[in-house]
Amino acid sequence: MKKLEQLYRQIIMDHYKNPRNKGLKDDEDYQSEHIKNPSCGDDITIQTKVEDGIVTDIRHEGSGCSICCSSASVLSELLKGKTVEEAEHIAENYLLMLMDKDYDESIDFEDAVAYQGVKQFPARIKCATIAFKAFQNTLK
Amino acid sequence: MKPLNLKKDFPVFNEGPLVYLDTAASSLTPTRVIEAMDTYYKTMPVNVHRGVYQMSYNATRKYEDARENIANFINADFEEIVFTRGASSALNMIARIYEPFIDETDEIIVSEIEHHSHLLPWQQVARRTGAKLVYVPLTKAGRITVDNFKKVLNENTKIVALTAVSNVLGYKTPLEEIIDLTHQSGAIISIDAAQGVPHEVVDVKKLDCDFLAFSGHKMLGPTGVGVLYGKKALLDTLEPLEYGGDMVDYAYKENATWKDAPYKFETGTPPIAEVIGLSEAINYLRSIGMDRVKAHESMLQTYALEALDKLEGVTIYNPTSETGIIAFNIDDVHPHDAVTFFDEDHIALRAGHHCAQLVMAFLNVPATLRASFYIYNTKDDVDAFVKSLKEARNFFTSVGF
(Lines give C-alpha, C1' and ligand atoms only; values in the text may rest on other atoms or scores of the structure.)
Protein backbone atom coordinates (compact mmCIF):
# COMPACT_ATOMS: atom_id res chain seq x y z
CA MET A 1 0.00 0.00 0.00
CA LYS A 2 3.05 2.24 0.35
CA LYS A 3 3.07 3.30 -3.31
CA LEU A 4 -0.61 4.22 -3.24
CA GLU A 5 -0.12 6.23 -0.10
CA GLN A 6 2.79 8.11 -1.62
CA LEU A 7 0.78 8.84 -4.68
CA TYR A 8 -2.09 10.38 -2.79
CA ARG A 9 -0.15 12.01 0.02
CA GLN A 10 1.99 14.07 -2.28
CA ILE A 11 0.44 16.76 -4.35
CA ILE A 12 -2.70 15.12 -5.54
CA MET A 13 -4.85 15.57 -2.44
CA ASP A 14 -3.85 19.21 -2.16
CA HIS A 15 -5.00 20.03 -5.69
CA TYR A 16 -8.05 17.75 -5.40
CA LYS A 17 -9.28 19.46 -2.25
CA ASN A 18 -8.13 22.98 -3.18
CA PRO A 19 -8.22 23.20 -6.95
CA ARG A 20 -6.56 26.22 -8.51
CA ASN A 21 -8.05 28.11 -11.46
CA LYS A 22 -11.31 26.18 -11.24
CA GLY A 23 -14.44 27.43 -12.99
CA LEU A 24 -14.99 28.27 -16.64
CA LYS A 25 -15.13 31.76 -18.17
CA ASP A 26 -17.91 32.86 -20.43
CA ASP A 27 -15.48 34.68 -22.69
CA GLU A 28 -14.91 34.21 -26.42
CA ASP A 29 -11.18 34.76 -26.02
CA TYR A 30 -10.96 31.33 -24.36
CA GLN A 31 -10.62 28.16 -26.39
CA SER A 32 -12.57 25.30 -24.76
CA GLU A 33 -12.10 21.57 -25.00
CA HIS A 34 -14.35 19.01 -23.33
CA ILE A 35 -13.12 15.44 -22.89
CA LYS A 36 -14.92 12.50 -21.35
CA ASN A 37 -13.52 9.19 -20.30
CA PRO A 38 -16.57 7.09 -21.05
CA SER A 39 -15.26 4.03 -19.25
CA CYS A 40 -15.28 5.66 -15.83
CA GLY A 41 -17.22 8.86 -16.26
CA ASP A 42 -14.36 11.35 -15.85
CA ASP A 43 -15.53 14.51 -17.54
CA ILE A 44 -13.29 17.55 -17.86
CA THR A 45 -13.31 20.86 -19.70
CA ILE A 46 -10.16 22.93 -20.15
CA GLN A 47 -10.21 26.57 -21.28
CA THR A 48 -7.14 28.37 -22.53
CA LYS A 49 -6.59 32.02 -23.25
CA VAL A 50 -3.67 32.90 -25.54
CA GLU A 51 -2.43 36.45 -25.98
CA ASP A 52 0.58 37.35 -28.16
CA GLY A 53 1.76 33.75 -28.20
CA ILE A 54 1.55 33.40 -24.43
CA VAL A 55 -0.87 31.21 -22.47
CA THR A 56 -2.20 33.89 -20.16
CA ASP A 57 -4.94 31.89 -18.48
CA ILE A 58 -6.09 28.29 -18.06
CA ARG A 59 -9.40 27.35 -16.48
CA HIS A 60 -10.89 23.95 -15.77
CA GLU A 61 -14.15 22.40 -14.65
CA GLY A 62 -15.43 18.87 -14.44
CA SER A 63 -16.08 15.82 -12.39
CA GLY A 64 -14.14 12.67 -11.87
CA CYS A 65 -11.69 10.90 -9.65
CA SER A 66 -9.01 12.65 -7.62
CA ILE A 67 -6.27 11.97 -10.17
CA CYS A 68 -8.26 13.45 -13.03
CA CYS A 69 -9.52 16.54 -11.20
CA SER A 70 -6.24 17.32 -9.45
CA SER A 71 -4.22 17.00 -12.65
CA ALA A 72 -6.35 19.70 -14.28
CA SER A 73 -5.51 22.02 -11.41
CA VAL A 74 -1.81 21.14 -11.57
CA LEU A 75 -1.83 21.70 -15.32
CA SER A 76 -3.35 25.14 -14.95
CA GLU A 77 -0.57 26.26 -12.61
CA LEU A 78 2.20 24.59 -14.58
CA LEU A 79 1.39 25.98 -18.01
CA LYS A 80 -0.03 29.41 -17.24
CA GLY A 81 2.40 32.11 -18.35
CA LYS A 82 4.31 29.83 -20.71
CA THR A 83 4.61 30.55 -24.42
CA VAL A 84 2.41 28.36 -26.62
CA GLU A 85 5.52 26.48 -27.83
CA GLU A 86 6.75 25.86 -24.28
CA ALA A 87 3.31 24.76 -23.13
CA GLU A 88 2.94 22.38 -26.05
CA HIS A 89 6.40 20.96 -25.41
CA ILE A 90 5.73 20.43 -21.69
CA ALA A 91 2.29 18.87 -22.26
CA GLU A 92 3.65 16.51 -24.89
CA ASN A 93 6.53 15.43 -22.67
CA TYR A 94 4.24 15.01 -19.66
CA LEU A 95 2.21 12.53 -21.69
CA LEU A 96 5.39 10.75 -22.83
CA MET A 97 6.57 10.53 -19.22
CA LEU A 98 3.30 8.90 -18.14
CA MET A 99 3.34 6.48 -21.03
CA ASP A 100 6.84 5.44 -19.90
CA LYS A 101 8.44 6.64 -23.11
CA ASP A 102 11.56 8.79 -23.61
CA TYR A 103 10.86 12.38 -22.67
CA ASP A 104 12.75 15.63 -22.20
CA GLU A 105 14.10 15.22 -18.67
CA SER A 106 15.34 18.80 -18.53
CA ILE A 107 11.76 20.02 -18.10
CA ASP A 108 10.74 21.21 -14.63
CA PHE A 109 7.30 19.64 -14.24
CA GLU A 110 6.76 21.29 -10.86
CA ASP A 111 3.78 19.62 -9.07
CA ALA A 112 3.03 17.53 -12.16
CA VAL A 113 6.03 15.37 -11.34
CA ALA A 114 3.81 13.65 -8.77
CA TYR A 115 1.90 11.94 -11.55
CA GLN A 116 4.96 9.90 -12.41
CA GLY A 117 3.70 7.71 -9.59
CA VAL A 118 0.59 6.93 -11.65
CA LYS A 119 2.78 4.87 -13.96
CA GLN A 120 2.65 2.13 -11.32
CA PHE A 121 -1.12 1.97 -11.79
CA PRO A 122 -1.56 1.44 -15.51
CA ALA A 123 -5.35 1.42 -15.24
CA ARG A 124 -5.19 5.02 -13.98
CA ILE A 125 -2.89 6.57 -16.58
CA LYS A 126 -5.92 7.69 -18.58
CA CYS A 127 -7.17 9.63 -15.53
CA ALA A 128 -3.89 11.54 -15.30
CA THR A 129 -3.71 12.37 -19.00
CA ILE A 130 -7.13 13.56 -20.12
CA ALA A 131 -6.74 17.11 -18.80
CA PHE A 132 -3.43 17.45 -20.65
CA LYS A 133 -4.94 16.01 -23.82
CA ALA A 134 -7.82 18.46 -23.59
CA PHE A 135 -5.32 21.27 -23.09
CA GLN A 136 -3.38 20.23 -26.20
CA ASN A 137 -6.59 20.43 -28.20
CA THR A 138 -7.33 23.95 -27.00
CA LEU A 139 -4.13 25.08 -28.71
CA LYS A 140 -5.02 23.50 -32.06
CA MET B 1 -25.90 -27.96 1.33
CA LYS B 2 -22.11 -27.69 1.28
CA PRO B 3 -20.85 -24.40 -0.15
CA LEU B 4 -19.32 -24.71 -3.61
CA ASN B 5 -15.57 -24.82 -3.83
CA LEU B 6 -14.72 -24.71 -7.51
CA LYS B 7 -11.62 -22.54 -7.85
CA LYS B 8 -9.64 -25.63 -8.92
CA ASP B 9 -11.72 -25.77 -12.10
CA PHE B 10 -10.62 -22.28 -13.19
CA PRO B 11 -6.99 -22.07 -14.35
CA VAL B 12 -6.76 -18.29 -13.93
CA PHE B 13 -6.52 -18.86 -10.18
CA ASN B 14 -3.09 -20.45 -10.79
CA GLU B 15 -1.82 -17.08 -12.01
CA GLY B 16 -1.59 -15.59 -8.53
CA PRO B 17 -3.84 -14.24 -5.81
CA LEU B 18 -7.22 -13.17 -7.16
CA VAL B 19 -10.53 -12.33 -5.57
CA TYR B 20 -12.73 -12.01 -8.61
CA LEU B 21 -15.89 -10.01 -8.00
CA ASP B 22 -16.65 -8.80 -11.51
CA THR B 23 -18.69 -11.61 -13.03
CA ALA B 24 -21.48 -9.21 -13.93
CA ALA B 25 -19.01 -7.83 -16.49
CA SER B 26 -17.48 -11.14 -17.51
CA SER B 27 -17.14 -14.54 -15.88
CA LEU B 28 -14.01 -16.67 -15.62
CA THR B 29 -13.46 -19.65 -17.88
CA PRO B 30 -13.26 -23.23 -16.58
CA THR B 31 -10.66 -25.65 -17.94
CA ARG B 32 -13.25 -27.88 -19.62
CA VAL B 33 -14.59 -24.98 -21.69
CA ILE B 34 -11.09 -24.11 -22.83
CA GLU B 35 -10.46 -27.77 -23.63
CA ALA B 36 -13.69 -28.09 -25.61
CA MET B 37 -12.64 -25.19 -27.80
CA ASP B 38 -9.12 -26.59 -28.04
CA THR B 39 -10.51 -29.91 -29.23
CA TYR B 40 -12.35 -28.17 -32.04
CA TYR B 41 -9.20 -26.34 -33.15
CA LYS B 42 -7.04 -29.46 -32.78
CA THR B 43 -9.29 -32.03 -34.38
CA MET B 44 -11.73 -30.31 -36.75
CA PRO B 45 -10.75 -26.66 -37.30
CA VAL B 46 -12.87 -26.24 -40.41
CA ASN B 47 -16.00 -24.46 -41.47
CA VAL B 48 -19.56 -25.60 -40.84
CA HIS B 49 -22.45 -26.12 -43.28
CA ARG B 50 -20.15 -26.01 -46.32
CA GLY B 51 -17.72 -28.85 -46.78
CA VAL B 52 -19.04 -32.28 -47.67
CA TYR B 53 -15.94 -33.97 -46.29
CA GLN B 54 -16.04 -35.85 -43.01
CA MET B 55 -14.16 -33.28 -40.94
CA SER B 56 -16.54 -30.49 -41.89
CA TYR B 57 -19.44 -32.79 -41.19
CA ASN B 58 -18.03 -33.42 -37.71
CA ALA B 59 -17.61 -29.69 -37.07
CA THR B 60 -21.14 -29.01 -38.28
CA ARG B 61 -22.44 -31.76 -36.05
CA LYS B 62 -20.65 -30.30 -32.99
CA TYR B 63 -21.93 -26.82 -33.79
CA GLU B 64 -25.54 -27.93 -34.24
CA ASP B 65 -25.42 -30.25 -31.23
CA ALA B 66 -24.37 -27.18 -29.27
CA ARG B 67 -27.42 -25.32 -30.59
CA GLU B 68 -29.64 -28.16 -29.41
CA ASN B 69 -27.98 -28.19 -26.01
CA ILE B 70 -28.30 -24.43 -25.57
CA ALA B 71 -31.93 -24.55 -26.71
CA ASN B 72 -32.66 -27.22 -24.10
CA PHE B 73 -31.02 -25.12 -21.41
CA ILE B 74 -33.65 -22.38 -21.76
CA ASN B 75 -36.41 -24.76 -22.94
CA ALA B 76 -36.47 -23.34 -26.47
CA ASP B 77 -36.81 -25.20 -29.76
CA PHE B 78 -33.75 -25.77 -31.91
CA GLU B 79 -34.93 -23.34 -34.66
CA GLU B 80 -35.41 -20.57 -32.12
CA ILE B 81 -31.72 -20.18 -31.26
CA VAL B 82 -29.71 -17.68 -33.34
CA PHE B 83 -26.03 -17.28 -32.57
CA THR B 84 -24.65 -13.74 -32.47
CA ARG B 85 -21.48 -12.00 -31.31
CA GLY B 86 -22.96 -11.45 -27.86
CA ALA B 87 -26.04 -10.19 -26.06
CA SER B 88 -25.46 -6.64 -27.35
CA SER B 89 -25.40 -7.86 -30.91
CA ALA B 90 -28.53 -9.97 -30.34
CA LEU B 91 -30.45 -7.08 -28.77
CA ASN B 92 -29.45 -4.80 -31.64
CA MET B 93 -30.58 -7.42 -34.13
CA ILE B 94 -33.99 -7.71 -32.47
CA ALA B 95 -34.52 -3.95 -32.72
CA ARG B 96 -33.37 -3.86 -36.33
CA ILE B 97 -35.39 -6.78 -37.62
CA TYR B 98 -38.52 -5.56 -35.88
CA GLU B 99 -38.13 -1.91 -36.92
CA PRO B 100 -40.09 -2.32 -40.23
CA PHE B 101 -43.23 -2.98 -38.18
CA ILE B 102 -42.95 0.24 -36.18
CA ASP B 103 -44.22 3.69 -37.10
CA GLU B 104 -44.92 7.08 -35.50
CA THR B 105 -48.20 5.92 -33.96
CA ASP B 106 -46.41 3.30 -31.88
CA GLU B 107 -44.93 3.41 -28.41
CA ILE B 108 -41.84 1.56 -27.20
CA ILE B 109 -41.53 0.87 -23.48
CA VAL B 110 -38.03 0.78 -21.98
CA SER B 111 -36.60 1.53 -18.54
CA GLU B 112 -33.81 3.61 -17.04
CA ILE B 113 -32.21 0.46 -15.64
CA GLU B 114 -31.59 -1.01 -19.10
CA HIS B 115 -28.03 -1.69 -20.11
CA HIS B 116 -27.04 0.63 -22.97
CA SER B 117 -27.20 -2.35 -25.31
CA HIS B 118 -30.93 -2.68 -24.75
CA LEU B 119 -31.77 1.01 -24.43
CA LEU B 120 -29.88 2.59 -27.32
CA PRO B 121 -31.09 0.26 -30.11
CA TRP B 122 -34.72 1.09 -29.27
CA GLN B 123 -33.93 4.75 -28.69
CA GLN B 124 -32.54 4.85 -32.22
CA VAL B 125 -35.52 2.93 -33.64
CA ALA B 126 -37.76 5.54 -32.00
CA ARG B 127 -35.72 8.36 -33.52
CA ARG B 128 -35.83 6.83 -36.99
CA THR B 129 -39.50 5.84 -37.01
CA GLY B 130 -40.97 8.66 -34.94
CA ALA B 131 -42.32 6.16 -32.42
CA LYS B 132 -42.57 7.35 -28.82
CA LEU B 133 -40.00 6.06 -26.35
CA VAL B 134 -41.67 5.59 -22.95
CA TYR B 135 -39.86 4.88 -19.67
CA VAL B 136 -41.41 2.71 -16.97
CA PRO B 137 -41.41 4.86 -13.82
CA LEU B 138 -39.04 3.28 -11.31
CA THR B 139 -39.75 2.92 -7.61
CA LYS B 140 -37.63 4.92 -5.20
CA ALA B 141 -35.23 1.98 -4.94
CA GLY B 142 -34.97 1.76 -8.72
CA ARG B 143 -37.23 -1.19 -9.39
CA ILE B 144 -39.60 -1.97 -12.21
CA THR B 145 -42.96 -3.03 -10.76
CA VAL B 146 -46.09 -4.41 -12.38
CA ASP B 147 -48.11 -1.44 -11.11
CA ASN B 148 -45.73 1.06 -12.66
CA PHE B 149 -45.60 -0.94 -15.87
CA LYS B 150 -49.39 -0.74 -16.11
CA LYS B 151 -49.11 3.06 -15.99
CA VAL B 152 -47.24 3.15 -19.30
CA LEU B 153 -48.72 0.17 -21.14
CA ASN B 154 -51.53 1.14 -23.51
CA GLU B 155 -53.07 0.18 -26.85
CA ASN B 156 -50.31 2.07 -28.72
CA THR B 157 -47.55 0.01 -27.11
CA LYS B 158 -45.86 -2.01 -29.83
CA ILE B 159 -42.69 -3.13 -28.09
CA VAL B 160 -41.67 -3.67 -24.50
CA ALA B 161 -37.91 -3.88 -24.02
CA LEU B 162 -36.91 -4.69 -20.45
CA THR B 163 -34.08 -6.35 -18.61
CA ALA B 164 -34.57 -9.56 -16.64
CA VAL B 165 -32.06 -8.43 -14.00
CA SER B 166 -30.50 -4.97 -13.63
CA ASN B 167 -26.76 -5.20 -14.23
CA VAL B 168 -26.10 -2.50 -11.63
CA LEU B 169 -28.80 -2.93 -9.01
CA GLY B 170 -29.36 -6.66 -9.38
CA TYR B 171 -33.15 -6.29 -9.16
CA LYS B 172 -35.29 -8.86 -10.88
CA THR B 173 -38.06 -7.62 -13.12
CA PRO B 174 -41.44 -9.31 -12.46
CA LEU B 175 -41.39 -10.74 -15.96
CA GLU B 176 -44.24 -13.26 -15.85
CA GLU B 177 -46.92 -10.67 -15.16
CA ILE B 178 -45.34 -8.06 -17.43
CA ILE B 179 -45.16 -10.49 -20.33
CA ASP B 180 -48.76 -11.50 -19.77
CA LEU B 181 -49.93 -7.87 -19.73
CA THR B 182 -47.81 -7.08 -22.78
CA HIS B 183 -49.48 -9.83 -24.79
CA GLN B 184 -52.94 -8.89 -23.56
CA SER B 185 -52.43 -5.45 -25.04
CA GLY B 186 -51.14 -6.89 -28.31
CA ALA B 187 -47.50 -5.89 -27.98
CA ILE B 188 -44.37 -8.03 -28.05
CA ILE B 189 -41.52 -8.14 -25.57
CA SER B 190 -37.74 -8.26 -25.85
CA ILE B 191 -35.85 -9.36 -22.74
CA ASP B 192 -32.22 -8.72 -21.92
CA ALA B 193 -31.36 -11.84 -19.91
CA ALA B 194 -27.57 -11.34 -19.88
CA GLN B 195 -27.68 -11.20 -16.05
CA GLY B 196 -30.46 -13.77 -15.79
CA VAL B 197 -29.62 -16.92 -17.75
CA PRO B 198 -26.17 -17.37 -16.11
CA HIS B 199 -27.63 -17.37 -12.61
CA GLU B 200 -30.94 -19.21 -12.55
CA VAL B 201 -33.27 -21.42 -14.53
CA VAL B 202 -34.83 -19.47 -17.39
CA ASP B 203 -37.65 -21.22 -19.24
CA VAL B 204 -38.69 -19.28 -22.34
CA LYS B 205 -41.80 -21.40 -22.87
CA LYS B 206 -43.01 -20.81 -19.35
CA LEU B 207 -42.17 -17.12 -19.61
CA ASP B 208 -43.81 -16.97 -23.04
CA CYS B 209 -41.44 -14.14 -24.04
CA ASP B 210 -41.09 -13.18 -27.71
CA PHE B 211 -37.38 -12.36 -27.78
CA LEU B 212 -34.64 -12.95 -25.24
CA ALA B 213 -30.88 -12.45 -25.40
CA PHE B 214 -27.85 -13.50 -23.38
CA SER B 215 -24.06 -13.71 -23.68
CA GLY B 216 -21.64 -16.61 -23.42
CA HIS B 217 -18.92 -14.77 -21.54
CA LYS B 218 -21.10 -14.01 -18.52
CA MET B 219 -21.85 -17.71 -17.97
CA LEU B 220 -18.39 -19.32 -18.05
CA GLY B 221 -18.30 -19.43 -21.84
CA PRO B 222 -15.95 -17.60 -24.17
CA THR B 223 -16.24 -14.03 -25.43
CA GLY B 224 -17.59 -13.45 -28.93
CA VAL B 225 -20.75 -15.53 -28.74
CA GLY B 226 -24.26 -14.68 -27.67
CA VAL B 227 -27.71 -16.05 -28.18
CA LEU B 228 -30.82 -14.51 -29.62
CA TYR B 229 -33.92 -16.47 -28.75
CA GLY B 230 -36.97 -15.66 -30.83
CA LYS B 231 -40.32 -17.43 -31.00
CA LYS B 232 -40.34 -19.52 -34.13
CA ALA B 233 -43.51 -17.96 -35.53
CA LEU B 234 -41.94 -14.52 -35.15
CA LEU B 235 -38.55 -15.39 -36.58
CA ASP B 236 -40.25 -16.95 -39.59
CA THR B 237 -41.97 -13.68 -40.47
CA LEU B 238 -38.94 -11.43 -40.01
CA GLU B 239 -36.41 -10.48 -42.65
CA PRO B 240 -32.69 -11.05 -42.11
CA LEU B 241 -30.45 -8.20 -41.03
CA GLU B 242 -27.27 -9.24 -42.81
CA TYR B 243 -26.90 -10.90 -46.18
CA GLY B 244 -24.23 -13.22 -47.50
CA GLY B 245 -23.05 -16.78 -47.44
CA ASP B 246 -24.81 -19.55 -45.53
CA MET B 247 -28.01 -17.56 -44.94
CA VAL B 248 -28.98 -17.61 -48.61
CA ASP B 249 -31.09 -20.30 -50.19
CA TYR B 250 -31.14 -19.40 -53.92
CA ALA B 251 -29.37 -16.39 -55.38
CA TYR B 252 -30.51 -14.87 -58.69
CA LYS B 253 -29.32 -11.79 -60.58
CA GLU B 254 -32.07 -9.54 -59.26
CA ASN B 255 -33.21 -11.29 -56.10
CA ALA B 256 -32.52 -14.06 -53.65
CA THR B 257 -34.32 -16.29 -51.18
CA TRP B 258 -33.30 -17.14 -47.65
CA LYS B 259 -32.95 -20.27 -45.62
CA ASP B 260 -35.36 -20.77 -42.75
CA ALA B 261 -34.69 -19.45 -39.25
CA PRO B 262 -32.32 -19.60 -37.51
CA TYR B 263 -29.96 -19.81 -40.50
CA LYS B 264 -31.27 -16.75 -42.31
CA PHE B 265 -30.02 -14.69 -39.35
CA GLU B 266 -26.51 -16.21 -39.35
CA THR B 267 -24.43 -15.13 -42.30
CA GLY B 268 -20.71 -15.66 -42.67
CA THR B 269 -18.64 -18.12 -40.69
CA PRO B 270 -20.13 -18.26 -37.21
CA PRO B 271 -18.10 -18.31 -33.97
CA ILE B 272 -17.82 -22.11 -34.12
CA ALA B 273 -15.32 -22.69 -31.31
CA GLU B 274 -17.17 -20.20 -29.13
CA VAL B 275 -20.53 -21.88 -29.64
CA ILE B 276 -18.94 -25.23 -28.72
CA GLY B 277 -17.35 -23.56 -25.69
CA LEU B 278 -20.64 -22.06 -24.57
CA SER B 279 -22.33 -25.45 -24.86
CA GLU B 280 -19.63 -26.95 -22.64
CA ALA B 281 -20.10 -24.12 -20.12
CA ILE B 282 -23.76 -25.08 -19.99
CA ASN B 283 -22.83 -28.72 -19.37
CA TYR B 284 -20.65 -27.57 -16.50
CA LEU B 285 -23.42 -25.39 -15.02
CA ARG B 286 -25.85 -28.31 -15.37
CA SER B 287 -23.45 -30.58 -13.52
CA ILE B 288 -23.63 -28.17 -10.58
CA GLY B 289 -27.34 -27.48 -10.96
CA MET B 290 -28.81 -24.02 -11.54
CA ASP B 291 -30.71 -24.13 -8.25
CA ARG B 292 -27.43 -24.66 -6.46
CA VAL B 293 -25.80 -21.85 -8.45
CA LYS B 294 -28.54 -19.51 -7.33
CA ALA B 295 -28.45 -20.67 -3.71
CA HIS B 296 -24.67 -20.24 -3.56
CA GLU B 297 -24.81 -16.67 -4.87
CA SER B 298 -27.63 -15.85 -2.53
CA MET B 299 -25.66 -17.21 0.44
CA LEU B 300 -22.64 -15.05 -0.50
CA GLN B 301 -24.77 -11.96 -1.02
CA THR B 302 -26.47 -12.36 2.37
CA TYR B 303 -23.11 -12.97 4.05
CA ALA B 304 -21.59 -9.87 2.39
CA LEU B 305 -24.54 -7.60 3.13
CA GLU B 306 -24.49 -8.59 6.80
CA ALA B 307 -20.87 -7.49 7.05
CA LEU B 308 -21.33 -4.34 4.96
CA ASP B 309 -24.34 -3.28 6.96
CA LYS B 310 -22.08 -2.79 9.98
CA LEU B 311 -19.66 -0.51 8.11
CA GLU B 312 -19.81 3.24 8.53
CA GLY B 313 -18.94 5.41 5.57
CA VAL B 314 -20.13 2.98 2.90
CA THR B 315 -23.35 3.41 0.95
CA ILE B 316 -25.10 0.36 -0.49
CA TYR B 317 -27.50 1.29 -3.30
CA ASN B 318 -29.35 -2.03 -3.56
CA PRO B 319 -29.59 -3.73 -0.15
CA THR B 320 -32.82 -5.47 -1.20
CA SER B 321 -31.45 -6.95 -4.42
CA GLU B 322 -32.42 -10.59 -5.00
CA THR B 323 -29.29 -11.45 -6.99
CA GLY B 324 -25.55 -11.49 -6.26
CA ILE B 325 -24.83 -7.92 -7.34
CA ILE B 326 -23.90 -5.24 -4.80
CA ALA B 327 -23.67 -1.62 -5.96
CA PHE B 328 -21.96 0.66 -3.48
CA ASN B 329 -19.59 3.56 -2.89
CA ILE B 330 -17.22 4.61 -0.17
CA ASP B 331 -18.64 7.96 0.93
CA ASP B 332 -16.83 10.94 -0.60
CA VAL B 333 -14.42 8.71 -2.53
CA HIS B 334 -14.71 8.52 -6.30
CA PRO B 335 -15.09 4.83 -7.25
CA HIS B 336 -12.13 5.04 -9.58
CA ASP B 337 -9.91 6.07 -6.71
CA ALA B 338 -11.35 3.28 -4.59
CA VAL B 339 -10.97 0.55 -7.18
CA THR B 340 -7.22 1.09 -7.36
CA PHE B 341 -7.03 0.34 -3.65
CA PHE B 342 -8.88 -2.96 -4.12
CA ASP B 343 -6.70 -3.76 -7.11
CA GLU B 344 -3.62 -3.50 -4.90
CA ASP B 345 -5.20 -6.24 -2.77
CA HIS B 346 -5.84 -8.36 -5.92
CA ILE B 347 -9.57 -7.80 -5.62
CA ALA B 348 -11.21 -7.24 -8.99
CA LEU B 349 -14.25 -4.98 -8.76
CA ARG B 350 -15.99 -2.89 -11.33
CA ALA B 351 -15.95 0.89 -11.02
CA GLY B 352 -17.81 3.11 -13.40
CA HIS B 353 -21.25 3.58 -14.84
CA HIS B 354 -21.57 -0.08 -15.92
CA CYS B 355 -22.88 0.80 -19.38
CA ALA B 356 -25.99 2.14 -17.68
CA GLN B 357 -25.61 5.90 -17.46
CA LEU B 358 -29.31 6.40 -16.79
CA VAL B 359 -28.99 4.30 -13.63
CA MET B 360 -26.19 6.61 -12.45
CA ALA B 361 -28.42 9.60 -13.18
CA PHE B 362 -31.23 7.90 -11.24
CA LEU B 363 -28.94 7.30 -8.25
CA ASN B 364 -27.54 10.81 -8.71
CA VAL B 365 -23.92 9.62 -8.59
CA PRO B 366 -21.22 9.86 -11.29
CA ALA B 367 -20.35 6.19 -10.91
CA THR B 368 -20.43 3.32 -8.44
CA LEU B 369 -18.42 0.34 -7.36
CA ARG B 370 -19.96 -3.04 -8.05
CA ALA B 371 -19.21 -6.45 -6.60
CA SER B 372 -20.84 -9.46 -8.21
CA PHE B 373 -20.69 -13.11 -7.15
CA TYR B 374 -20.64 -16.38 -9.01
CA ILE B 375 -20.02 -20.05 -8.37
CA TYR B 376 -16.23 -19.76 -7.91
CA ASN B 377 -16.55 -17.18 -5.12
CA THR B 378 -16.33 -18.26 -1.50
CA LYS B 379 -16.92 -16.78 1.93
CA ASP B 380 -13.16 -16.20 2.08
CA ASP B 381 -13.51 -13.94 -0.95
CA VAL B 382 -16.21 -11.96 0.84
CA ASP B 383 -14.03 -11.71 3.96
CA ALA B 384 -11.10 -10.40 1.89
CA PHE B 385 -13.38 -7.92 0.17
CA VAL B 386 -14.88 -6.60 3.40
CA LYS B 387 -11.43 -6.33 5.01
CA SER B 388 -10.10 -4.41 2.03
CA LEU B 389 -13.16 -2.17 2.00
CA LYS B 390 -12.59 -1.24 5.65
CA GLU B 391 -8.94 -0.50 4.97
CA ALA B 392 -9.80 1.50 1.86
CA ARG B 393 -12.27 3.63 3.76
CA ASN B 394 -9.71 4.28 6.51
CA PHE B 395 -6.96 4.99 4.03
CA PHE B 396 -8.91 7.53 2.01
CA THR B 397 -10.06 9.24 5.20
CA SER B 398 -6.45 9.39 6.39
CA VAL B 399 -5.17 11.06 3.23
CA GLY B 400 -7.89 13.67 3.42
CA PHE B 401 -10.82 12.59 1.20
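So you know, we letter chains A, B, ... as the sequences are listed, proteins then strands, and number each from 1.
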Check: Which distance, rounded to the nearest 0.5 Å, do you find between the CE of M13(A) and the CZ of F401(B)?
Finding: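 These two atoms lie 4.5 Å from each other.
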Notebook entry, point to check: About how many Å separate SG of C69(A) and NE2 of H334(B), when rounded to the nearest 0.5 Å?
Noted result: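 These two atoms lie 7.5 Å from each other.
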Does [X] [atom1] have over 12 foreign heavy atoms under 6.0 Å away?
X       : atom1 : value
N14(B)  : CG    : yes
R127(B) : CZ    : no
R85(B)  : CZ    : no
K390(B) : NZ    : no

Notebook entry, point to check: So, for R124(A) and H336(B), which heavy atoms are closest and what is the spacing to 0.1 Å?
Noted result: NH1-O, 2.9 Å
Notebook entry, point to check: Any idea which heavy atoms bring G400(B) and K17(A) closest together, and the distance?
Noted result: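 Taking G400(B) first and K17(A) second, the nearest heavy atoms are O-CE, 2.9 Å.
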Next item on the list: Let me know if S66(A) has heavy atoms under 4.5 Å from chain B in its side chain, its backbone, both or neither.
Entry: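 Both parts, heavy atoms under 4.5 Å.
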